[in-house]
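One structure is given here, and the rest of the page talks about it.
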Amino acid sequence: MTLRRSLPALGLILGVLSCSHFATAKKGCEALKTEFSKDTQSFTACALNHAEPVTYCEYCGQEFAKVILHYNELFANETCRAKYFDRDRINIVEMVYSNAQSVWNAGSCSNCYDWVDGKINQTLSNTTTKFFDEMEVFGLCLKKYKDETACTNCLESYNSVNGIYKNIQKTFNDNLCFDIKDSMNKTRLNWSHDLKCCKDRKTSLTTFTVTSVVISVFIPFVFYTSFMFFGWRREQIQEPLADSDVHHPSDERTETFEAIGPSTVPAITHLLDL
């Protein structure tokens with residue numbers, strides 16, 4: 001397993017800036033400007049050369065460290081600062097430096113490294129190194145098993161890489177070093193799309209989709225059917241009965257009087273006379 005390229009000690013470089021006025025005393029502003037110009041050109045060229053796949057955070061740290069060093073040397077020199085900074089609205093030196101910073105920060109490159117006392121350490125972080133080492137093991141596995149057996153024989157290595165990546169992602173969220181992010185994105189695409197190693201996952205997804213559709217159709221059908229049935233039953237219960245089915249108390253009184261009849265009236269009257 002090859003060792004990853006380490007970044008020279010940015011912390012050390014930034015630490016000696018307090019003594020930079022001794023260096024600038026021996027160098028003229030033109031010499032400092034020339035060094036700064038060469039550094040920015042080297043960093044830009046390095047970033048372009050490692051743009052695809054994205055690895056410039058890992059391989060261009062040395063160039064970026066020199067950009068920081070010579071920019072600070074220029075700025076620390078009062079004569080150079082008066083000559084190159086804040087002389088006009090363009091401020092080309094500051095603009096060039098800001099562009100280099102923008103490229104570096106766009107990839108969250110500093111998060112590929114450890115931080116010690118607020119400064120970048122000289123080497124890649126242990127987590128970054130572990131990720132790329134495991135990624136290299138996974139790549140060797142894919143080269144060894146070039147057919148469909150790679151899905152089985154390299155599954156453990158893939159899960160290991162994916163697990164390390166998820167842990168890094170939890171730490172940095174959206175500020176994840178782009179070298180790592182780009183590498184993992186391409187690995188996942190190759191694993192699922194090119195090698196077709198996620199067939200079981202696709203089957204599960206299809207089953208889930210079909211089940212969801214069936215449930216989404218069946219439940220409303222049962223609901224509305226039940227609603228219509230109970231609504232119909234309620235209408236049946238509340239429907240008025242026919243006149244022939246209604247039993248009126250007045251009918252009982254009529255039947256009573258009819259039962260007594262006219263022939264019984266005198267008898268009743270006779271009893272009243274008594």
> Please walk me through it: do V103 and Y56 pass side-chain contact (heavy atoms from CB on, under 4.5 Å)?
Replying inline: CA-CA 10 Å; V103 173; Y56 76 92; 3.9 Å; yes
> Can you list the steps and then say if C151 with K196 is a side-chain contact (heavy atoms from CB on, under 4.5 Å)?
Replying inline: CA-CA 8 Å; C151 296; K196 311 293 183 184; 5.9 Å; no
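Tracing side-chain contacts under 4.5 Å through hydrophobic residues (I, L, V, M, F, W, Y), one never reaches I180 starting from L189; they form parts of separate clusters. Residues L48 and Y97 do not share a hydrophobic cluster, clusters being chains of Ile/Leu/Val/Met/Phe/Trp/Tyr side chains in contact below 4.5 Å. Residues Y145 and L195 are members of separate hydrophobic clusters, defined by side-chain heavy-atom contacts under 4.5 angstrom among Ile, Leu, Val, Met, Phe, Trp and Tyr. Under the 4.5 Å side-chain heavy-atom criterion for Ile, Leu, Val, Met, Phe, Trp and Tyr, F85 and F36 are members of the same hydrophobic cluster.
Using a 4.5 Å heavy-atom cutoff, the side chains of K66 and S42 are not in contact. Side-chain contact between F64 and C109 is absent, with no heavy atoms from C-beta onward closer than 4.5 Å. Here the side chains of E156 and S160 are not in contact, with every heavy-atom distance at 4.5 Å or above. No side-chain heavy atom of N77 sits less than 4.5 Å from a side-chain heavy atom of E73. N99 is listed as a side-chain neighbour of M95, based on a closest heavy-atom distance under 4.5 Å.
Taking both residues in full, the closest heavy atoms of A47 and C60 are given as N-SG, 3.5 Å, listed atom of the first, atom of the second, then distance. Minimum heavy-atom separation, F75 to R81: O-NH1, 2.5 Å. Listed here is the closest heavy atom pair of S108 and L176: CB-O, 3.7 Å. For the residue pair C80 and L32, the shortest heavy atom distance occurs at SG-CD1, 4.1 Å. What you find for F43 and A100 is that their closest heavy atoms are CE2-O, 3.5 Å. Nearest heavy atom pair, residue L142 against residue A150, reads CD2-CB, 4.1 Å.
Ring orientation note: the planes of Y59 and H50 are close to parallel, at an angle under 30° on the 30°/60° scale.
Separating the NZ atom in K143 from the SG atom in C141 is a distance of 12.0 Å, to the nearest 0.5 Å. Separation of atoms OG (S157) and CD (E134) is listed at 4.5 Å; rounding is to 0.5 Å. Rounded to the nearest 0.5 angstrom, L74 CG and L69 CG are separated by 10.0 Å. Note: I68 CD1 to Q101 CD = 7.0 Å, rounded to the nearest 0.5 Å. I164 contributes atom CD1, which lies 9.5 Å from atom CE of M184 (distance to the nearest 0.5 angstrom). Rounding to the nearest 0.5 angstrom, the gap separating the OG1 atom in T123 from the OH atom in Y113 is 9.0 Å.
The pair E52-K186 counts as a salt bridge, with a side-chain nitrogen and a carboxylate oxygen less than 4.0 angstrom apart.
Judged by distance alone, with hydrogens and angles left aside, the side-chain atoms of T55 form no donor-acceptor pair with the main-chain N or O of E58 at under 3.5 Å. Here the side chain of T171 pairs a donor or acceptor atom with the backbone of N167 at under 3.5 angstrom.
Considering only residues two or more places apart in sequence or on other chains, T149 meets the side chain to side chain donor-acceptor pair (under 3.5 Å) condition with D147. Y158 is linked by a side chain to side chain donor-acceptor pair (under 3.5 Å) to nothing, counting only residues two or more places apart in sequence or in another chain. Applying the side chain to side chain donor-acceptor pair (under 3.5 Å) criterion to Y84, with sequence neighbours excluded, gives E30. The ring pair (Phe, Tyr, Trp, His ring centres under 6.0 Å) check on Y165 picks up nothing, with sequence neighbours excluded. Partners of T127 under the side chain to side chain donor-acceptor pair (under 3.5 Å) rule, at least two apart in sequence or in another chain, do not exist in this structure.
If you check the gamma sulfurs of C177 and C112, they are less than 2.5 Å from each other.
No more than 12 heavy atoms of other residues, nucleotides or ligands lie within 6.0 Å of CD1 in I92, so this atom counts as exposed by the packing criterion. Heavy atoms from other residues, nucleotides or ligands lying under 6.0 Å from NZ of K130 number 12 at most. Residue D174 places its CG atom among 12 or fewer non-hydrogen atoms of other residues, nucleotides or ligands, all under 6.0 Å distant.
The distance between the ring centers of F178 and W104 does not fall below 6.0 angstrom.
Note on residues 34-44: pairs passing salt bridge (charged side-chain N to carboxylate O under 4.0 Å, His left out), not counting sequence neighbours, are K27-E35.
T34 and S37 are not linked by any side-chain donor-acceptor pair at a separation below 3.5 angstrom, with hydrogens and angles left out of the test.
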